[in-house]
*Asks:* 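First the structure, then my questions, so here it is.
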Amino acid sequence: MTRMAFASVPLSSLSWLQVLGVVCVVMTCGGGGGRGWRGVDATPSPPPPAHKDAATASWREAPVTKGDAWFDAAYQESKNGIIRIDKNGATFAFYRRVNDDVATFRPYFYFYNNWFSWKNKRGTDMNIYNTYAGALDRTASDRWITDSYDDPGVGFPRDMGGGWMGVDTTPYRSSATACDEVMAGSGFTCNEKRFTTTNGYTLYLEEAVIKVSPPSPPMPP
């Protein structure tokens with residue numbers, strides 16, 4: 001309605017400031033979060049929210065020297081059961097179980113020297129992701145699509161990229177039969193001393209879930 005009223009007034013009878021005002025009304029001049037002259041919303045869009053957990057992830061390094069008892073217990077108590085793998089100081093991959101068996105699965109020997117398919121098949125037992133957010137959300141497009149297993153003495157990721165871990169775990173294991181106990185039923189015998197290299201890989205575990213104790217009942221008067 002306002003634009004039609006201005007249009008009926010001869011521009012020759014208006015001052016240059018009034019003419020400018022008419023042009024601004026017709027073109028909806030910017031400001032105030034309205035639309036710009038091209039009809040595009042001039043209000044900047046807010047940044048996308050950060051992933052609910054990615055920004056607050058807390059990790060602890062899990063070297064081979066910690067031993068299988070510490071490593072496996074720390075994994076079983078971790079927040080989401082995700083293992084972060086770095087290579088030469090850069091994030092490489094994230095490992096997460098498909099099955100809800102974090103409380104019982106023992107990954108130490110799998111990673112450090114015996115990357116077997118026994119209870120560790122991609123897509124059936126676990127998946128490997130490129131990003132932490134992908135692992136948290138189990139994003140299919142973020143998953144690895146290759147397999148390579150079952151070479152005793154060769155740890156993660158066997159032939160899936162950039163060499164593998166093969167570390168002597170015998171000085172740090174909880175018992176002489178610990179690895180064979182973990183792999184019982186695999187059809188393979190553990191080899192813990194075939195290689196002595198991490199090939200630049202470093203493992204990290206999520207911090208444990210903080211368990212809050214219920215408040216103590218009030219003392220009787």
*Asks:* Could you go step by step and tell me if T196 and V167 meet the side-chain contact (heavy atoms from CB on, under 4.5 Å) rule?
*Replies:* CA-CA 5 Å; T196 56; V167 186; over 6 Å; no
*Asks:* Between the main-chain N or O of K79 and the side-chain N or O of E207, is there a donor-acceptor pair closer than 3.5 Å?
*Replies:*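 Between the backbone of K79 and the side chain of E207 there is no qualifying donor-acceptor contact (under 3.5 Å).
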*Asks:* Quick check against the 3.5 Å criterion: does R158 have a side-chain atom that pairs as donor or acceptor with the backbone of S148?
*Replies:*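 Side chain of R158 to backbone of S148: no pair is present.
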*Asks:* Hey, are the side chains of N130 and W144 touching, using non-hydrogen atoms and a 4.5 Å cut-off?
*Replies:*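 Side chain of N130 against side chain of W144, heavy atoms only: contact under 4.5 Å found.
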*Asks:* Ignoring hydrogens, what is the shortest heavy-atom contact between P152 and R194? Give both atom names and the distance.
*Replies:*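 Reported closest heavy-atom pair: O-NH1, 2.7 Å.
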*Asks:* Do the side chain of N114 and the main chain of G153 share a donor and acceptor less than 3.5 angstrom apart?
*Replies:*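 Judged by distance alone, yes, a pair lies under 3.5 Å.
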*Asks:* Taking the side chain as everything from C-beta on, heavy atoms only, tell me whether F105 gets closer than 4.5 Å to N99.
*Replies:*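 No; the side chains remain at least 4.5 Å from each other.
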*Asks:* Any heavy-atom pair between the side chains of Y132 and E206 that's under 4.5 Å?
*Replies:*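 Side chain of E206 against side chain of Y132, heavy atoms only: contact under 4.5 Å found.
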*Asks:* Can you pull the salt bridge (charged side-chain N to carboxylate O under 4.0 Å, His left out) pairs that have at least one residue in residues 100-111, sequence neighbours excluded?
*Replies:*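 Listed by first then second residue: D68-R106, D72-R106, R97-D101.
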*Asks:* Between P157 and G163, which heavy-atom pair has the shortest distance, and what is it?
*Replies:*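 It is CD-O, 3.3 Å.
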*Asks:* Does R122 form a side-chain contact (heavy atoms from CB on, under 4.5 Å) with I128? I'd like the steps, not just the answer.
*Replies:* CA-CA 8 Å; R122 180 184 60 83; I128 302 170; over 6 Å; no
*Asks:* Strictly distance-based, threshold 3.5 Å: is any side-chain N or O of N191 a donor or acceptor partner for the main-chain N or O of N113?
*Replies:*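 Between the backbone of N113 and the side chain of N191 there is no qualifying donor-acceptor contact (under 3.5 Å).
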*Asks:* According to side chain to side chain donor-acceptor pair (under 3.5 Å), who are the partners of Y149, at least two apart in sequence or on a separate chain?
*Replies:*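 Y149 satisfies side chain to side chain donor-acceptor pair (under 3.5 Å) with D147 only.
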*Asks:* For D159, check side chain to side chain donor-acceptor pair (under 3.5 Å) against everything at least two apart and list the hits.
*Replies:*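 By the side chain to side chain donor-acceptor pair (under 3.5 Å) rule, D159 matches no residue at all.
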*Asks:* Distance-only, no hydrogens or angles: does the W118 side chain make a donor-acceptor pair with backbone N or O of G187 under 3.5 Å?
*Replies:*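 Looks like no, no N/O pair under 3.5 Å.
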*Asks:* How far apart are the closest heavy atoms of M165 and L203, and which atoms are they?
*Replies:*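 The pair with the smallest heavy-atom distance is CE-CD2, 3.9 Å.
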*Asks:* Which heavy-atom pair separates I82 from Y75 by the least distance, and what is that distance?
*Replies:*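 Shortest heavy-atom contact: N-CE1, 4.5 Å.
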*Asks:* Any chance you could measure W59, atom CH2, to D86, atom CG, to the nearest 0.5 Å?
*Replies:*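 Reported to 0.5 Å precision, the distance equals 9.0 Å.
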*Asks:* Quick check: are there more than 12 heavy atoms from other residues, nucleotides or ligands sitting under 6.0 Å from NZ of K119?
*Replies:*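 Incorrect, the count does not exceed 12.
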*Asks:* With distance as the sole test, does Y108 use its side chain to make a donor-acceptor pair with the main-chain N or O of V64 at under 3.5 Å?
*Replies:*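 Side chain of Y108 to backbone of V64, a donor-acceptor pair under 3.5 Å: yes, one is there.
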*Asks:* List in chain and number order the residues that pass side chain to side chain donor-acceptor pair (under 3.5 Å) with D168, two or more places apart in sequence or in another chain; answer none if no residue qualifies.
*Replies:*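 Testing D168 for side chain to side chain donor-acceptor pair (under 3.5 Å), a comparison that skips the adjacent residues, returns T170.
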*Asks:* Keeping T177 on the side-chain end and D180 on the backbone end, is there a donor-acceptor pair under 3.5 Å?
*Replies:*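 No, T177 side chain to D180 backbone: no donor-acceptor pair under 3.5 Å.
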*Asks:* Under the rule for ring pair (Phe, Tyr, Trp, His ring centres under 6.0 Å), what residues qualify as partners of F116, not counting sequence neighbours?
*Replies:*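 For F116 the ring pair (Phe, Tyr, Trp, His ring centres under 6.0 Å) partners, ignoring immediate neighbours, are F188.
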*Asks:* So which heavy atom on W70 is nearest to which on E61, and how close?
*Replies:*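 Answer, listing the atom of W70 first, then E61: CH2-O, 3.9 Å.
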*Asks:* Do the non-hydrogen side-chain atoms of R138 and N127 ever get within less than 4.5 Å of each other?
*Replies:*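 They are not in side-chain contact.
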*Asks:* Is the distance between the ring centroids of F94 and Y129 less than 6.0 Å?
*Replies:*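 F94 vs Y129: aromatic centres not under 6.0 Å.
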*Asks:* Mind checking whether Y172 and F71 have ring centres under 6.0 Å apart?
*Replies:*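 No: the rings miss the under 6.0 Å criterion.
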*Asks:* Give a yes or no on whether the backbone of T131 and the side-chain of D142 come within a donor-acceptor separation of less than 3.5 Å.
*Replies:*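 Such a contact is found between D142 side chain and T131 backbone.
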*Asks:* For W164, does its backbone N or O pair with a side-chain atom of N199 as donor and acceptor, under 3.5 Å?
*Replies:*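 Checking the backbone N and O of W164 against the side chain of N199, a donor-acceptor pair under 3.5 Å is found.
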*Asks:* Taking the side chain as every heavy atom from C-beta outward, state whether Y110 and Y95 have any pair of such atoms under 4.5 Å apart.
*Replies:*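 When only atoms from C-beta onward are counted, Y95 and Y110 do not touch, as no gap falls below 4.5 Å.
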*Asks:* Is any side-chain heavy atom of V154 closer than 4.5 Å to one of W115?
*Replies:*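 No, every pair of side-chain atoms sits at 4.5 Å or beyond.
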*Asks:* Under the ring pair (Phe, Tyr, Trp, His ring centres under 6.0 Å) test, which residues partner Y201, sequence neighbours left out?
*Replies:*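 So Y201 forms a ring pair (Phe, Tyr, Trp, His ring centres under 6.0 Å) with F92.
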*Asks:* With rounding to the nearest 0.5 angstrom, report the OG1 to CD distance, T169 to E192.
*Replies:*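 With rounding to 0.5 Å, OG1 (T169) is 3.5 Å from CD (E192).
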*Asks:* Mark yes or no for whether S186, through its side chain, and M183, through its backbone, hold a donor-acceptor pair below 3.5 Å.
*Replies:*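 Yes, because the side chain of S186 sits within donor-acceptor range (under 3.5 Å) of the backbone of M183.
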*Asks:* Could you check if a side-chain atom of D125 sits within less than 4.5 angstrom of a side-chain atom of V98, using non-hydrogen atoms only?
*Replies:*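 No - every pair of side-chain heavy atoms lies 4.5 Å or more apart.
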